[in-house]
Every structure is written in C-alpha cells, then in structure tokens.
Asks: 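The structure that follows is given in the form of structure tokens.
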Amino acid sequence: MTTNISKKRKFIADGVFYAELNELLTRELAEDGYAGVEVRVVPLRTEIIIRATRTQNVLGEKGQRIRELTTVIQKRFNFPDGVVELFAEKVASRGLCAQAQAESLKYKLLGGLAVRRACYGVLRFVMEQGAKGAEVVVSGKLRAQRAKSMKFQDGYMIKSGQAKREYVDYAVRHVLMRQGVLGVKVKIMLPHDPQGKIGPKAKLSDVVVVHEPKEELDLPMPEPVAMPYGGMAGGMAPAPMATY
C-alpha cells in the first residue's frame with residue numbers, strides 16, 4: 001500500500017535515506033577505498049551503486065559481503081524482499097577522487113606518518129593523475145597542545161560559481177588520533193573531459209581557445225567594366241540633379 005506524501009516530505013525523506021546510507025557505507029567500506037554511492041529508483045526495484053577503488057573487496061568472496069550489506073540495508077529501511085539491489089562500480093581514476101584520497105590520507109596519519117610528508121604525497125599523486133589543481137587542509141592538534149591548521153596547495157583551484165560545483169571534488173574526514181581529532185579536507189580540481197569519464201563535459205566559461213589562422217585564398221580580381229562617358233554601366237542615364 002502506497003501512502004501519498006507531499007513533495008517536501010519526499011525530498012526530506014530521500015535526503016535522510018541517502019545521508020544514513022552514505023554514513024553506513026563510509027564506516028563499513030573505509031578500508032576498501034569507498035568513494036561514494038548513487039541511488040537509482042527504477043520501476044519494481046531500487047538500485048544502489050557503490051563506487052570504490054577496490055571493488056573485489058566490496059563484493060567479498062563469492063559475493064558474500066555485498067549480499068550481507070543488501071540484507072542490512074533491506075532490514076534497516078524496511079524494503080520488501082528482492083526490491084533493493086547493490087552493485088559495485090570501480091572508480092575510473094583513484095587520483096581524481098577526493099573521497100578516496102581523503103581516506104588514504106586518514107590511514108597515513110593513523111599509521112604515524114608526518115603530516116607534511118603525507119599531505120605532499122597526496123598532492124603529488126593527485127597532480128600526476130592529471131588533475132588541474134589540488135588542496136589539502138589538515139587542522140587540529142598536529143604536534144603541540146595548541147591546535148592549528150596547515151594548508152597545502154598545488155595547481156589551479158577555483159573557489160566559487162557554478163564551475164566550482166561541476167569541477168571541484170570535495171571530501172572531509174575525521175581522524176581519531178591519540179592526542180585528539182584531526183580534520184582532513186581534500187579538494188581536487190578535475191580536468192575537462194569531452195567524454196565525461198574523468199571530468200565534466202562542460203568547458204570553463206573563462207577559457208579562451210585561440211584557433212590557428214586559416215590559409216588565405218588568392219581570389220581572382222574582378223575585370224574592370226567599361227562605362228560610357230557621362231553614363232553608368234549598362235547604358236543607364238544618370239539620375240537628374242535636383243535644382244533649387
């Protein structure tokens with residue numbers, strides 16, 4: 001039995017469902033390179049596509065792990081049997097995924113690597129994968145008791161406008177260190193891709209493309225036309241001049 005709810009409540013319910021699902025998968029698949037989730041509602045079923053860098057770990061041995069996740073989601077959100085399906089999709093480029101890089105940086109810091117070295121390693125890897133720019137911010141009690149923030153940047157990064165929504169991939173992670181919680185922010189400026197695989201199809205509005213000049217063609221000069229004295233071409237008489 002379907003219940004009619006207002007559009008406002010529908011949008012709120014969809015947002016809460018997505019937020020809770022994303023939080024569950026972030027905690028469960030953090031070590032497997034979780035990079036986001038997409039929910040598609042098609043007739044007769046709901047498809048949940050999990051994007052990750054290590055899809056084989058998400059699927060598990062003979063698909064056991066993804067079946068367990070399907071059962072958990074089905075029971076938590078009261079889906080009928082066979083209505084919800086989970087799929088694993090491999091990320092096209094790990095270096096251009098902010099969530100994957102934020103998770104990578106998180107585990108580097110938990111492993112005891114120095115903050116500066118870990119951040120520069122992430123920046124270098126992202127730029128080598130073809131990104132236009134990258135920015136990493138780590139804030140919290142880094143060494144001393146006093147909290148501070150460190151920002152590392154490379155390349156070109158836009159900060160506002162519609163282009164920021166399309167071009168900048170953004171992720172935040174919290175690292176539970178012994179001395180306190182560190183905040184990690186990763187921004188990646190994606191490259192333009194006409195196919196839309198590793199970056200947006202739309203071009204940046206302020207990019208000017210200078211085309212090669214065309215070859216000049218030597219056009220034949222028109223032949224002069226003989227005109228009769230006091231007249232015009234074709235034998236037409238000149239228009240009479242106005243007298244005042």
Side-chain angles (χ1 to χ4, degrees), residues 15-39 48-61 64-66 68-73 75-77 86 88-91 93-129 131 133-154 157 159 168-189:
V16 170
F17 168 67
Y18 179 85
E20 192 168 335
L21 180 66
N22 187 44
E23 183 69 21
L24 167 70
L25 295 173
T26 302
R27 295 185 182 188
E28 182 67 28
L29 306 174
E31 295 182 11
D32 304 314
Y34 173 71
V37 65
E38 181 185 350
V39 180
I48 297 172
I49 295 103
I50 300 169
R51 297 174 66 245
T53 55
R54 293 189 284 275
T55 49
Q56 199 57 47
N57 293 5
V58 175
L59 294 172
E61 191 176 347
Q64 182 183 354
R65 192 176 189 192
I66 201 161
E68 289 173 359
L69 286 170
T70 306
T71 307
V72 168
I73 292 167
K75 288 183 177 178
R76 168 63 188 85
F77 298 105
L86 265 66
E89 182 185 34
K90 192 173 180 65
V91 175
S93 178
R94 187 164 59 94
L96 298 178
C97 177
Q99 294 203 44
Q101 292 309 308
E103 285 291 346
S104 170
L105 181 56
K106 174 182 173 179
Y107 283 102
K108 284 180 181 179
L109 295 174
L110 286 171
L113 195 63
V115 174
R116 197 179 295 271
R117 188 173 179 186
C119 292
Y120 277 126
V122 168
L123 278 184
R124 188 172 62 251
F125 180 70
V126 169
M127 296 303 290
E128 284 172 358
Q129 294 295 309
E135 179 182 295
V136 177
V137 181
V138 180
S139 54
K141 288 198 282 188
L142 302 175
R143 282 190 176 273
Q145 279 296 105
R146 180 77 177 182
K148 63 177 180 177
S149 181
M150 295 176 73
K151 183 185 283 188
F152 305 87
Q153 291 175 307
D154 196 3
M157 177 69 64
K159 300 285 185 177
V168 178
D169 194 15
Y170 178 68
V172 177
R173 288 292 181 273
H174 302 99
V175 189
L176 307 179
M177 303 288 281
R178 193 177 61 197
Q179 68 268 29
V181 181
L182 294 183
V184 170
K185 295 178 187 176
V186 177
K187 284 184 182 179
I188 298 174
M189 175 92 173

Asks: Show me the pairs that pass salt bridge (charged side-chain N to carboxylate O under 4.0 Å, His left out) and involve residues 114-128, at least two apart or across chains.
Replies: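 Listed by first then second residue: nothing to list.
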
Asks: Sequence neighbours left out, what passes side-chain hydrogen bond (donor to acceptor under 3.5 Å, both in side chains) with Glu38? Give chain and number order.
Replies: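 Glu38 satisfies side-chain hydrogen bond (donor to acceptor under 3.5 Å, both in side chains) with Arg40 only.
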
Asks: Looking only at heavy atoms, which two atoms of Ile66 and Ala88 are closest? And how far apart?
Replies: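 Closest approach of Ile66 to Ala88, heavy atoms only: CD1-N, 4.2 Å.
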
Asks: Under the side-chain hydrogen bond (donor to acceptor under 3.5 Å, both in side chains) rule, collect the residues that match up with Gln145, sequence neighbours excluded.
Replies: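 Gln145: no side-chain hydrogen bond (donor to acceptor under 3.5 Å, both in side chains) contacts found.
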
Asks: Does Ala118 have any side chain to side chain contact (heavy atoms under 4.5 Å, CB included) partners at least two apart in sequence or in another chain, and if so, which?
Replies: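 Counting only residues at least two positions away or on another chain, Ala118 forms a side chain to side chain contact (heavy atoms under 4.5 Å, CB included) with Leu105, Lys108, Leu109, Leu113.
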
Asks: Check residues 50-57 and write down every donor-acceptor pair under 3.5 Å in which the side-chain atom is one partner and the other belongs to a residue at least two apart or another chain.
Replies:
from, atom 1, to, atom 2, distance (Å)
Arg51, NH1, Ala35, O, 3.0
Arg54, NH2, Glu31, O, 2.2
Asn57, ND2, Asp32, OD1, 3.4

Asks: Who pairs with Thr26 by side chain to side chain contact (heavy atoms under 4.5 Å, CB included), at least two apart in sequence or on another chain?
Replies: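 Applying side chain to side chain contact (heavy atoms under 4.5 Å, CB included) to Thr26 gives Asn22, Tyr34, Glu103, Arg173.
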
Asks: Sequence neighbours left out, what passes ring-ring contact (aromatic ring centres under 6.0 Å, His included) with Tyr107? Give chain and number order.
Replies: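 If we apply the ring-ring contact (aromatic ring centres under 6.0 Å, His included) test to Tyr107, skipping adjacent residues, there are no hits.
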
Asks: Mind checking ring-ring contact (aromatic ring centres under 6.0 Å, His included) for Tyr18 and listing every partner two or more places apart, or none if nothing turns up?
Replies: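 Once residues adjacent in sequence are excluded, Tyr18 has no partner under the ring-ring contact (aromatic ring centres under 6.0 Å, His included) criterion.
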
Asks: List the residues meeting side chain to side chain contact (heavy atoms under 4.5 Å, CB included) with Lys75, not counting sequence neighbours, and say none if there are none.
Replies: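 Per chain and number, Lys75 pairs via side chain to side chain contact (heavy atoms under 4.5 Å, CB included) with Thr71.
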
Asks: Excluding sequence neighbours, so at least two apart, what forms side chain to side chain contact (heavy atoms under 4.5 Å, CB included) with Leu24?
Replies: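 By the side chain to side chain contact (heavy atoms under 4.5 Å, CB included) rule, Leu24 matches Val72, Ile73.
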
Asks: Please list, chain by chain and in numerical order, all residues satisfying side-chain hydrogen bond (donor to acceptor under 3.5 Å, both in side chains) with Glu89, sequence neighbours excluded.
Replies: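 If we apply the side-chain hydrogen bond (donor to acceptor under 3.5 Å, both in side chains) test to Glu89, skipping adjacent residues, there are no hits.
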
Asks: Is there side-chain contact between Met177 and Leu110, with at least one heavy-atom pair below 4.5 Å?
Replies: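 Yes. Closest side-chain heavy atoms under 4.5 Å.
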
Asks: Checking Glu20 now: which residues fulfil side-chain hydrogen bond (donor to acceptor under 3.5 Å, both in side chains) with it, not counting sequence neighbours?
Replies: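 Only Arg76 meet the side-chain hydrogen bond (donor to acceptor under 3.5 Å, both in side chains) criterion with Glu20.
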
